[in-house]
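Data first, discussion second: the structure below is written as structure tokens.
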Amino acid sequence: ILITIKIELPYLLLITVCITKLYNNGDCLLMIKELLNNSYRAGLANIDLQDLKELPSDAPAAEFTFHDDIAWHILPDRLRIECTREFSFNPECNFRLRITYFVEHFLKEENSLSNVSKEDVAKEISEDLDYYLQTSQGLAARLSMLAAQITSTFGGTPAITPPFFPIKRA
């Protein structure tokens with residue numbers, strides 16, 4: 001938003017005030033973090049465990065893999081970030097496990113992110129994952145611990161994964 005105020009005095013004074021309420025591509029830029037009220041809520045969102053068939057005894061060994069995904073959702077009063085770690089076997093067998101944690105950053109004003117483009121939100125989140133994921137709170141370590149406890153219930157060695165989110169940062 002660009003506001004121009006003209007004041008006519010003995011001298012012509014032109015005052016240009018740049019007020020930016022939203023993230024934009026102009027000279028005035030307000031980061032999304034500035035729309036947040038510095039309070040957040042974090043916790044376990046979901047655990048999904050699916051028991052699958054075992055491989056036949058004559059089949060080659062299955063490869064156990066995991067990967068992380070981040071999703072975000074703009075809600076009227078908050079920005080919700082979800083981190084999901086998914087475990088599976090290739091070929092598919094034994095079990096599939098998905099654990100999701102969330103971090104919700106509350107907004108100073110409702111709907112203040114409604115006009116921010118998805119690309120701008122994604123860019124800012126990817127540039128400061130530590131802040132948006134609140135990595136100092138150890139959510140990835142808790143996720144790793146839960147995965148180890150759950151995967152050990154199948155009678156084998158627990159799946160120990162890194163206690164951080166190994167996401168490639170742009």
Side-chain angles (χ1 to χ4, degrees), residues 1-5 16-52 64-88 92 95-153 158-170:
I1 299 170
L2 185 64
I3 300 175
T4 303
I5 304 171
T16 303
V17 180
C18 185
I19 301 172
T20 303
K21 284 193 144 185
L22 299 173
Y23 198 103
N24 65 35
N25 294 325
D27 294 328
C28 297
L29 185 68
L30 180 61
M31 294 179 63
I32 292 171
K33 278 195 261 186
E34 295 177 32
L35 299 174
L36 306 176
N37 71 7
N38 295 323
S39 66
Y40 67 91
R41 183 173 82 104
L44 181 63
N46 185 39
I47 297 177
D48 180 27
L49 175 64
Q50 295 177 338
D51 185 23
L52 304 172
F64 184 67
T65 62
F66 78 93
H67 69 275
D68 295 333
D69 289 312
I70 293 182
W72 51 268
H73 310 281
I74 295 175
L75 303 171
D77 64 337
R78 68 192 80 187
L79 174 63
R80 181 180 173 106
I81 316 291
E82 294 180 348
C83 296
T84 300
R85 183 163 288 175
E86 188 169 346
F87 302 83
S88 61
E92 191 171 79
F95 63 87
R96 188 175 345 152
L97 173 63
R98 178 183 292 174
I99 302 173
T100 302
Y101 263 92
F102 71 89
V103 179
E104 292 178 331
H105 295 273
F106 293 92
L107 301 172
K108 290 177 185 175
E109 296 179 27
E110 278 205 15
N111 298 312
S112 57
L113 289 175
S114 61
N115 292 328
V116 179
S117 74
K118 292 179 180 183
E119 294 80 17
D120 287 339
V121 174
K123 180 180 177 191
E124 186 163 329
I125 290 170
S126 68
E127 288 176 355
D128 198 357
L129 281 174
D130 289 339
Y131 175 80
Y132 287 102
L133 297 179
Q134 292 294 307
T135 57
S136 63
Q137 300 302 312
L139 299 177
R142 288 183 227 159
L143 188 148
S144 181
M145 180 189 66
L146 281 171
Q149 291 172 333
I150 293 168
T151 57
S152 70
T153 63
I160 307 297
T161 57
F164 53 87
F165 292 112
I167 297 165
K168 294 180 183 176
R169 298 177 190 212

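From a predicted model like this one, the values you see are computed outputs, not experimental measurements.
- Although no hydrogens or angles enter the test, the distance criterion places a donor-acceptor pair under 3.5 Å between the side chain of Thr151 and the main chain of Ala159.
- In this structure the side chain of Asn46 never reaches within 4.5 angstrom of the side chain of Ile99, judged on heavy atoms.
- The side-chain heavy atoms of Glu92 and Arg96, taken from C-beta on, include a pair separated by under 4.5 Å.
- For Pro163 against Ala140, the heavy-atom pair with the smallest separation is O-CB, 3.6 Å.
- When side chains are defined from C-beta on, Leu44 counts as touching Leu146, because their heavy atoms get closer than 4.5 Å.
- Contact of the His67 side chain with the Arg85 side chain is not registered, since no non-hydrogen atoms from C-beta on lie closer than 4.5 Å.
- In terms of heavy atoms, Asn111 sits closest to Ser114 at O-OG, 2.8 Å.
- For the pair Leu97 and Glu86, the minimum side-chain heavy-atom distance is 4.5 Å or more.
- Under a cut-off of 6.0 angstrom, the local environment of CZ in Arg80 is crowded, with over 12 non-hydrogen atoms contributed by other residues, nucleotides or ligands.
- In this structure, Asp48 and Gln50 have side chains that are in contact, with non-hydrogen atoms separated by less than 4.5 Å.
- The minimum heavy-atom distance between Pro162 and Phe66, with the atom names listed, is CD-CZ, 3.5 Å.
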Start with the C-alpha distance between Leu139 and Cys83, add both sets of side-chain angles, then the distance that settles side chain to side chain contact (heavy atoms under 4.5 Å, CB included), and finish with yes or no.
-> CA-CA 9 Å; Leu139 299 177; Cys83 296; over 6 Å; no
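- Ser136 OG to Gln134 CD: the interatomic distance, rounded to the nearest 0.5 Å, is 5.5 Å.
- Going from atom CG of Asp77 over to atom CZ of Phe106 covers 6.5 Å, rounded to the nearest 0.5 Å.
- Side-chain contact check for Lys108 versus Leu36: every heavy-atom pair is 4.5 Å or farther apart.
- In this structure, the side chains of Leu113 and Leu107 come closer than 4.5 Å at one or more pairs of heavy atoms.
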Decide yes or no on side chain to side chain contact (heavy atoms under 4.5 Å, CB included) for Val121 and Trp72, but give the supporting numbers first.
-> CA-CA 9 Å; Val121 174; Trp72 51 268; 3.6 Å; yes
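- Applying the salt bridge (charged side-chain N to carboxylate O under 4.0 Å, His left out) criterion to Lys33, with sequence neighbours excluded, gives Asp128.
- Put simply, CZ on Arg142 and CE on Met145 are 8.0 Å apart, with the number rounded to the nearest 0.5 Å.
- Here the closest heavy-atom approach between residue Ile32 and residue Leu79 is recorded as CG2-CD2, 4.4 Å.
- Not counting sequence neighbours, the partners of Tyr132 by the ring-ring contact (aromatic ring centres under 6.0 Å, His included) test are His105.
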Can Thr84 and Leu143 be said to form a side chain to side chain contact (heavy atoms under 4.5 Å, CB included), step by step?
-> CA-CA 9 Å; Thr84 300; Leu143 188 148; over 6 Å; no
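- With Ser144 contributing its side chain and Thr161 its backbone, the two residues share a donor-acceptor pair below 3.5 Å.
- Each of His73, Glu110, Glu104 was compared with Arg78 under the side-chain hydrogen bond (donor to acceptor under 3.5 Å, both in side chains) criterion, and only Glu104 meets it.
- Considering only residues two or more places apart in sequence or on other chains, Gln137 meets the side-chain hydrogen bond (donor to acceptor under 3.5 Å, both in side chains) condition with Tyr40.
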